[in-house]
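Okay, structure first, notes after.
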Number of protein chains: 2
Amino acid sequence: MDKSSELEQVKKCCGHFILAVNDTLNVINGKWKLPIISSLIYGKKRFKELERDIAKITPRMLSKELKELELNGIVKRTVYDTIPVKVEYELTSSGKSLKKVLEVMVEWGLEHRENIIGK
Amino acid sequence: MDKSSELEQVKKCCGHFILAVNDTLNVINGKWKLPIISSLIYGKKRFKELERDIAKITPRMLSKELKELELNGIVKRTVYDTIPVKVEYELTSSGKSLKKVLEVMVEWGLEHRENIIGK
DNA sequence: CTGAATCCCCCAGGATACTG
DNA sequence: CAGTATCCTGGGGGATTCAG
């Protein structure tokens, strides 16, 4: 393999790398995704419970973010046909598996904070 | 410890958790941070090299993002007093340590894509 | 209770031109 | 080469009100 095609390989690989990271980022970006996911890590929650748990979120944003999380296969929505209606949200297996990603991010965040302060 | 103070503990812990994740997120957010970091993983680069490597980035954005990365202790900027001026950018140790975070994100991104397609 | 509909503001980021 | 300076736009997200 010559130099130029080798470079192409690296660029291609790097591109896929960035794409996959962006997939992950797109799932957790938005101001409220992380608070929502974190709140659901400890179990099912109803709409109103989430609204209470997450400080200062409006129903509009909660609804919007939950919808996106559902579309992305992170959250499962279940409607109970009672009166009044009851809706429960829970993490899918994909959602639960996000936990280890978040843990690595927590770890790095803390380490990095130490580094900054240390200087 | 009673129920309510236990709940307080959980909320507090959860808050710190989210804070640390946000620290990490804040470092890599913005449209071009990841492409820049990825490009620098393979070694030092000059401004113009980065501009060429990263498709469609404008000097304005490259400059802005590099400045933020430098402030956050992710990138080190070195000026060589030649004519014309030469400036090199490289990852700090904190920047390099981000690699393992990104790898976990890549891994999850790929897995999650599989899950979605599988359905 | 669980949202949808509207209106509105702010700023991340693009385009373009210019400087030391 | 390594950036600045301006101007401008889209859409993320807040506040509020309405609906099933």
Side-chain angles (χ1 to χ4, degrees), chain A residues 18-19 21-40 43-72 74-91, chain B residues 18-19 21-40 43-72 74-91:
Chain A
I18 292 189
L19 269 183
V21 177
N22 278 331
D23 279 353
T24 306
L25 245 27
N26 287 333
V27 162
I28 62 178
N29 78 356
K31 193 170 176 182
W32 303 104
K33 298 276 168 58
L34 243 27
I36 293 173
I37 292 171
S38 301
S39 179
L40 288 176
K44 300 182 179 183
K45 294 270 176 68
R46 302 181 57 170
F47 191 88
K48 199 66 178 182
E49 290 182 281
L50 286 170
E51 195 180 342
R52 267 193 299 263
D53 278 10
I54 304 168
K56 310 218 167 191
I57 193 171
T58 62
R60 172 179 140 77
M61 289 312 294
L62 181 54
S63 173
K64 240 187 74 181
E65 305 274 68
L66 280 171
K67 206 172 288 174
E68 289 174 29
L69 287 170
E70 198 190 349
L71 268 174
N72 285 324
I74 306 301
V75 156
K76 178 158 174 284
R77 178 174 182 270
T78 311
V79 183
Y80 296 91
D81 208 355
T82 57
I83 297 179
V85 214
K86 176 178 165 185
V87 181
E88 277 186 342
Y89 294 89
E90 61 187 314
L91 294 181
Chain B
I18 292 189
L19 268 184
V21 177
N22 278 331
D23 279 354
T24 306
L25 245 29
N26 287 334
V27 162
I28 62 177
N29 78 356
K31 193 170 176 183
W32 303 104
K33 299 275 169 55
L34 244 26
I36 293 172
I37 292 170
S38 302
S39 178
L40 288 176
K44 299 181 179 182
K45 295 270 176 69
R46 303 178 58 170
F47 190 90
K48 198 67 177 183
E49 290 181 281
L50 286 170
E51 195 181 341
R52 268 193 298 263
D53 278 8
I54 304 167
K56 309 219 169 190
I57 194 172
T58 62
R60 173 179 137 77
M61 288 314 294
L62 182 54
S63 173
K64 239 187 74 180
E65 304 274 69
L66 280 171
K67 209 171 286 176
E68 289 175 29
L69 287 170
E70 198 191 348
L71 267 174
N72 284 324
I74 306 300
V75 156
K76 178 158 174 283
R77 179 174 181 270
T78 312
V79 183
Y80 296 91
D81 207 357
T82 57
I83 297 180
V85 215
K86 176 177 164 184
V87 181
E88 277 186 342
Y89 294 89
E90 60 187 312
L91 294 180

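Treat the numbers as computed from the prediction; the structure is a model and nothing was measured. In the text below, chain A, chain B and the rest are named by the order of the sequence lines, each starting its count at 1.
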Between [atom2] of [N] and [atom1] of [X], the distance in whole Å:
X       : N      : atom1 : atom2 : value
B/Lys33 : C/dA12 : NZ    : P     : 10 Å
B/Lys31 : D/dG10 : NZ    : P     : 14 Å
A/Lys45 : C/dT2  : NZ    : C1'   : 17 Å
A/Leu50 : C/dC1  : CG    : C1'   : 13 Å
B/Trp32 : C/dA12 : CH2   : C1'   : 13 Å
B/Asn29 : C/dG13 : CG    : C1'   : 13 Å
A/Glu65 : D/dG13 : CD    : P     : 6 Å
A/Leu62 : C/dA5  : CG    : P     : 17 Å

Do [X] and [Y] come close enough that some side-chain heavy atom pair is under 4.5 Å?
X       : Y       : answer
B/Leu40 : B/Glu90 : no
A/Ile37 : A/Ile28 : yes
A/Lys76 : A/Glu70 : no

Within the sub-3.5 Å range, which N or O atoms of nucleotides 1-5 of chain D have a protein N or O partner, and how far apart are they?
{"unit_1": "D/dC1", "atom_1": "O3'", "unit_2": "B/Arg46", "atom_2": "NH2", "d": "3.0"}
{"unit_1": "D/dA2", "atom_1": "OP1", "unit_2": "B/Arg46", "atom_2": "NE", "d": "3.0"}
{"unit_1": "D/dA2", "atom_1": "OP1", "unit_2": "B/Arg46", "atom_2": "NH2", "d": "3.0"}
{"unit_1": "D/dA2", "atom_1": "OP1", "unit_2": "B/Val87", "atom_2": "N", "d": "3.3"}
{"unit_1": "D/dA2", "atom_1": "OP2", "unit_2": "B/Lys48", "atom_2": "N", "d": "3.0"}
{"unit_1": "D/dG3", "atom_1": "OP1", "unit_2": "B/Arg77", "atom_2": "NE", "d": "3.4"}
{"unit_1": "D/dG3", "atom_1": "OP1", "unit_2": "B/Arg77", "atom_2": "NH2", "d": "2.5"}
{"unit_1": "D/dG3", "atom_1": "OP2", "unit_2": "B/Tyr89", "atom_2": "OH", "d": "2.4"}
{"unit_1": "D/dT4", "atom_1": "OP1", "unit_2": "B/Lys67", "atom_2": "NZ", "d": "2.9"}
{"unit_1": "D/dT4", "atom_1": "OP2", "unit_2": "B/Ser63", "atom_2": "OG", "d": "3.0"}

Inset, instruction - May I ask you to verify if any side-chain N or O of A/Lys64 is less than 4.0 angstrom from the OP1 or OP2 atom of C/dG3? - result: no

Legend entry - Atom pair CD1 (A/Ile54) and CE (A/Met61), whose distance is rounded to the nearest 0.5 Å: 11.0 Å

Legend entry - Nearest-0.5 Å distance, NZ of residue B/Lys56 to CH2 of residue B/Trp32: 9.0 Å

Which atoms form the tightest heavy-atom contact between [X] and [Y], and what is the distance?
X       : Y       : answer
B/Ile36 : B/Leu62 : CD1-CD1, 3.8 Å
A/Pro35 : B/Ile18 : CA-CD1, 3.6 Å
B/Lys31 : B/Glu65 : N-OE2, 3.7 Å

Inset, instruction - Mind grabbing the angle between the end helix axes of the helix from C/dC1-D/dG20 to C/dG20-D/dC1? Five pairs an end, 10° rounding. - result: 50°

Inset, instruction - Answer yes or no on whether A/Lys45 is positioned over the face of A/Tyr89, meaning its NZ or CZ is under 6.0 Å from the six-membered ring centre and within 45° of the axis. - result: no

